[in-house]
Amino acid sequence: MLKTTTPLVPSARKDGDAVIVAARGEIDLNNSPELRSELFLILSRHAPKRLVLNLAEVPYMDSSAVAVLVETLQKLRKLGGRVYLTNLQPRVQGLIEIARLGTIFVIAKDEAEALAKK
Amino acid sequence: MANRAVPQSKGRPGAKGVPPDLRLDVTSDPANLATVRHACEAFCIGCGLGEAAAGDVGLVVNEAMANITRHAYAGATDKPVSVRGHCDARTGDVTITLRDWGSGFNPESVRPKQDPSQPGGLGMVCIRCLVDDSVYSPQPDGMLLTLTKRKRAGLK
């Protein structure tokens, strides 16, 4: 288990070349900067080839949270990595579709499916 | 908590079968986003919209209020934002207005987001896609945004 310190990102762990991160709660402009800080810290410390973001406990996010995901993807791409989004809840799934993020992120049903993808 | 206003909801009584008007007066602090979003969603449910449609309105209000903080108030978190909601007793359509006293910035002047691999611009896409009408009306001292979500038979 990797060190994480916030209720927004309650857990993160390594699995081979992947880091699996769970987020929790509604994410909007009020707390998306915190999500950004946590994800960027994980990238800088571990430089994973794959970042799996489990959003099972994220019932809502706004465009500022989506911007954080895109920034994270851009940063990881520079390191040769990919970002996987799993366990999308209906409202988050809807926003991902509006933002057409399925074209740039790998969307997976759950962590196992994400880890099975290359 | 210093500049986080407690929303005031003191709507006038609604017509028979519709909820009283929604009245929220908050500061531009993003800490108020969730409260305003949840209040607008609950208001829409009270007006008879389905959960998905109410969620659309909540997201649009969230994005509009975030735009006010970021652009109209240049990031200031202690400025006033007034949110009003009204339900048409005849049609069930919901109208939400957001009033600010900022720079008069009109987000519609910004080019819509085209490239999903670039951050930013999604808020306006949501505003354009998820409600039936969104009208920015410049005021002498700010901006008034009027959002309309129509109630459609069978639409959830």
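All chains are named by letter (A, B, ...) in the order of the sequence lines, taking the proteins before the strands, and each is independently numbered beginning at 1.
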query: Who wins among A:V68, A:T103, A:L73, A:I104 for the most heavy-atom pairs under 4.5 Å with chain B?
result: A:I104

- prompt: When heavy-atom pairs shorter than 4.5 Å are enumerated against chain B, which of A:I98, A:D62, A:L95, A:N31 gives the highest number?
  reply: A:D62

- prompt: Salt bridge or not for A:R91 and B:E41, using N-O below 4.0 Å?
  reply: yes

- request: Calculate, to the nearest 0.5 Å, the distance between atoms OG1 and CG belonging to A:T72 and A:L53 respectively.
  value: 8.0 Å

field: Residue part contacting chain B, namely of A:F105, when any heavy atom lies under 4.5 Å
entry: neither

statement: What one should report as the nearest heavy-atom pair of A:K117 and A:I107 is NZ-O, 3.1 Å

- prompt: What part of A:L29 is in contact with chain B, defined as an atom under 4.5 angstrom from a non-hydrogen atom: side chain, backbone, both or neither?
  reply: both

- request: State which residue, out of B:T146, B:D25, B:D21, fulfils the side chain to side chain donor-acceptor pair (under 3.5 Å) condition with B:R84.
  value: B:D25

